[in-house]
Amino acid sequence: MILSPMTQKITIEELVAYIYKEVSIERSAEIRNAITKNPMLSDAYYQLKEGFDHLPKVKFNPPTSTINNILKYSSESAVELQY
């Protein structure tokens, strides 16, 4: 756990979530502000960010046949509404 200058606790997990853009806009602004004011927090952030930048950028796309099978199953198993 790392303390920001405003005595708000910012955890390593929150820094990771910040890097992955998984925090609210408000919390993102708080973390960004704390990073600029706290050298320890800044060091931790840049170490994590460097590691993140070295991770392979992978996109997962299922084969077209898989998508078609899902759509087919969905249409065959759909329940029709009766009025």
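One-based numbering along the sequence shown. Since we're looking at a predicted model, the values are computed, not measured.
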In terms of heavy-atom contacts, Lys9 and Arg27 come closest through O-NH2, 3.1 Å
With heavy-atom distances below 4.5 Å as the criterion, would you say the side chains of Tyr18 and Ile35 are in contact?
yes
Report all side-chain donor-acceptor pairs from residues 42-56 shorter than 3.5 Å, counting only partners two or more places apart or in another chain.
residue: Lys49; atom: NZ; partner: Asp53; partner atom: OD1; Å: 2.9
residue: His54; atom: ND1; partner: Glu50; partner atom: O; Å: 2.7

Would Ile19 and Ile25 show up in the same hydrophobic cluster when neighbours are defined by side-chain heavy atoms closer than 4.5 Å?
no
d(Thr36 OG1, Leu41 CG) to nearest 0.5 Å is 9.0 Å
Report the distance from atom OG of Ser28 to atom CG of Asn33, rounding to the nearest 0.5 Å.
11.0 Å
Are Tyr20 and Val23 connected, step by step, through hydrophobic side chains (Ile, Leu, Val, Met, Phe, Trp, Tyr) whose heavy atoms are closer than 4.5 Å?
yes
